[in-house]
Amino acid sequence: MGFWKNLFGPQQRSIDGQSVFGDSWSPDSPWTDISGDNVLRVASVFGAVRLIADGVATLPWGLWQSAGTGSAPSRLPDPEWFETPDDRFSTFDWIHQGLVELLLHGNAYGIVWRRDDGSVREIDWVPRSDVTVQDIDSSSQRHWPRYWVNGVEIPAIRSPLGIAQPAGTPLMLHVPAFAVTGTVRGINPIAHFRSQFEMSRNATDTANSFFGQRAPIPGGILKNDQTLNQKQADTAKQRFRDSVKPGDVATLDKHWSFEKVTLDAGDLQFLETIKASATQIAVIFGVDPRDIGGSEDSSLTYSTVEGNERKLVLRTLQPWAIRLQQALSPVANLDKPFGAPRRFVRFDLDARSKPDALTWAKVQSERLDNGTLTLGEARVDNGDPALSMQDVDDWQTWYRTTKSSSQAKSESTSQSVSESTSSTQEAS
């Protein structure tokens, strides 16, 4: 927050909670505290964060090695820290934790623990409150950041200071989101869009007060044209309740009438505010508003499951997956042999947007047949390791001698049609 105040000055707001939600609004209400992880109590925020974090954490990922020019990269065996990046959590939960930090606070900090031989043992995400960041190294006035965790300096993995550290020294992994010029720290979306989060939370709070048990407004009013004492009124109310089933029709004589209490136009407009807040939050996180309770103003009425999934991958999941890929790739190169090709981490985004298995197999077969795809590239697309030259020779031998029954039948049918055509032409 201090950086943003110095850069842009104090935050200015044109409205406050009381002007929107009335005299009953109070800044001391627990619903108005949207600092830190409390913002997840806003349903639309929780939905957006869950959608992105779950989406990336479920993607297959692996370690790859660059190849020479014109050659496809090769898949490497997963290192130990891929399987257990943190002993306390599963791989899914570990990726999920890092994304939640990025999405809510704009930064994720992790300590890379290494063994004496230089190999990576695990990466522990660190609470942001424990981390102090200095954008410029004051000792050299260079733009290499420095990090302290609870007062202990941890060299950055990307800086010359970090590269020069002995093998067993822990290093700082910093993944920023929405980075701006002049700092290595990413924008904190909670602080930057505080007013939108506050409006959504208070709108939900007010709606809960109306519809919940605390609401002072009854569900309906039972009227009589005569004056009743308290006992008569209580008896009439109980008899009315006992005689009317939910959704059934009530029969009343001319002295009685029932009026159902409904929301007036102002209340309905207020509920639309909740939907509008969800739409704004969807824009902040880059998700489809309809996925988190908002509405989308679009004239496009036709959509498919495959199209929606591809849209989610390209617009929402891909940028966050790439952030993690590029941040984790330096970690993967810490223990690579000297002179070995560069390694990189890759999330398989195609796994979420591929068509069904049969269609995908047909696409791959067609591209292999017309030469627009090599066998090595096809194996990479499917997440399979590259073949050695001996593997290629063995496969070609098998393919020449053992073809699938469907292909054999297809060739037999094609040959029969050709022979039949030739015979017809000779006869004529």
Side-chain angles (χ1 to χ4, degrees), residues 1-3 6 61 63 65-66 76 78-89 91 94-95 97-102 105-188 320 322-346:
M1 284 296 293
F3 169 76
N6 294 334
W61 66 318
L63 182 63
Q65 181 173 271
S66 300
L76 296 176
D78 290 339
E80 181 182 347
W81 64 273
F82 264 50
E83 300 296 331
T84 54
D86 187 333
D87 291 338
R88 300 167 298 176
F89 305 101
T91 302
W94 181 82
I95 296 175
Q97 276 188 330
L99 283 163
V100 169
E101 284 292 307
L102 279 173
H105 310 295
N107 298 276
Y109 302 100
I111 297 180
V112 181
W113 298 101
R114 299 189 293 166
R115 299 183 180 88
D116 293 337
D117 62 358
S119 61
V120 177
R121 180 166 57 88
E122 63 179 21
I123 306 174
D124 295 343
W125 297 119
V126 182
R128 63 198 175 280
S129 57
D130 295 344
V131 181
T132 303
V133 183
Q134 180 178 303
D135 288 310
I136 299 177
D137 184 354
S138 57
S139 62
S140 63
Q141 294 300 314
R142 299 190 64 182
H143 291 269
W144 297 114
R146 299 177 68 180
Y147 300 87
W148 289 263
V149 177
N150 293 324
V152 178
E153 184 170 7
I154 306 294
I157 190 173
R158 290 180 177 271
S159 70
L161 183 62
I163 295 174
Q165 293 300 313
T169 305
L171 299 175
M172 172 60 70
L173 170 67
H174 178 200
V175 190
F178 310 109
V180 295
T181 304
T183 179
V184 295
R185 285 167 289 188
I187 293 176
N188 184 335
W320 296 103
I322 291 177
R323 282 188 178 96
L324 281 183
Q325 286 179 180
Q326 296 184 354
L328 293 173
S329 291
V331 179
N333 284 282
L334 285 174
D335 53 1
K336 80 175 181 65
F338 179 77
R342 183 182 63 87
R343 298 175 176 181
F344 60 93
V345 176
R346 176 186 175 185

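Note that the coordinates shown come from a computational prediction; the quantities given were computed from them, not determined experimentally. Position 1 is the first residue of the sequence; numbering continues from there.
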Hey, what do you get for OH (Tyr147) to CD (Gln134), rounding to the nearest 0.5 Å? 11.0 Å

When you compare the side chain of Leu99 with that of Leu324, does any pair of heavy atoms fall below 4.5 Å? yes

If I take atom CZ from residue Arg146 and atom CE from residue Met172, how far apart are they, to the nearest 0.5 angstrom? 13.0 Å

Mind checking whether Gln97 and Arg88 have side chains closer than 4.5 Å, heavy atoms only? no

Using the benzene-type ring in the case of Trp, are the ring centres of Trp320 and Phe178 under 6.0 Å apart? yes

So which heavy atom on Arg185 is nearest to which on Asp135, and how close? NH2-OD2, 2.8 Å

Heavy-atom pair with the smallest gap, counting every atom of Ala327 and Val175: CB-CG2, 3.5 Å

Validation row: Arg343, Asp335 side chains within 4.5 angstrom (heavy atoms): yes

So, do Tyr109 and Glu101 sit near enough that their side-chain heavy atoms are less than 4.5 Å apart? no

Hey, is the main chain of Gly186 close enough, under 3.5 Å, to the side chain of Asn107 for a donor-acceptor pair? yes

Counting N and O atoms only, with roles assigned by atom type, does the side chain of Arg121 sit under 3.5 Å from a partner on the main chain of Arg115, one being a donor and the other an acceptor? no

Kindly give the heavy-atom pair with the smallest separation between Pro330 and Gln326, and that separation in Å. CD-O, 3.1 Å

Can you see which heavy atom on Pro341 is nearest to which on Ser66, and at what distance? CB-O, 3.2 Å

Passing candidate, side chain to side chain contact (heavy atoms under 4.5 Å, CB included) with Ile123, options Leu171, Asp86, Leu328: Leu328

Determine the interplanar angle of the Trp125 and Trp94 rings, folded into 0 to 90°, and report it as parallel if under 30°, tilted if 30 to 60°, perpendicular if over 60°. parallel

Mind checking whether Val184 and Pro176 have side chains closer than 4.5 Å, heavy atoms only? no

Show your reasoning for whether side chain to side chain contact (heavy atoms under 4.5 Å, CB included) applies to Ile157 and Leu334. CA-CA 9 Å; Ile157 190 173; Leu334 285 174; 3.8 Å; yes

Is a side-chain donor or acceptor of Thr84 paired with a backbone partner of Glu122 at a separation under 3.5 angstrom? no

Nearest heavy-atom approach of Ser119 to Asp117 is OG-OD1, 2.7 Å

Between Leu63 and Phe82, the two heavy atoms sitting closest are N-CE2, 3.7 Å

State, without any angle test, whether Asp124 and Trp113 hold a side-chain donor-acceptor pair at a distance under 3.5 Å. yes

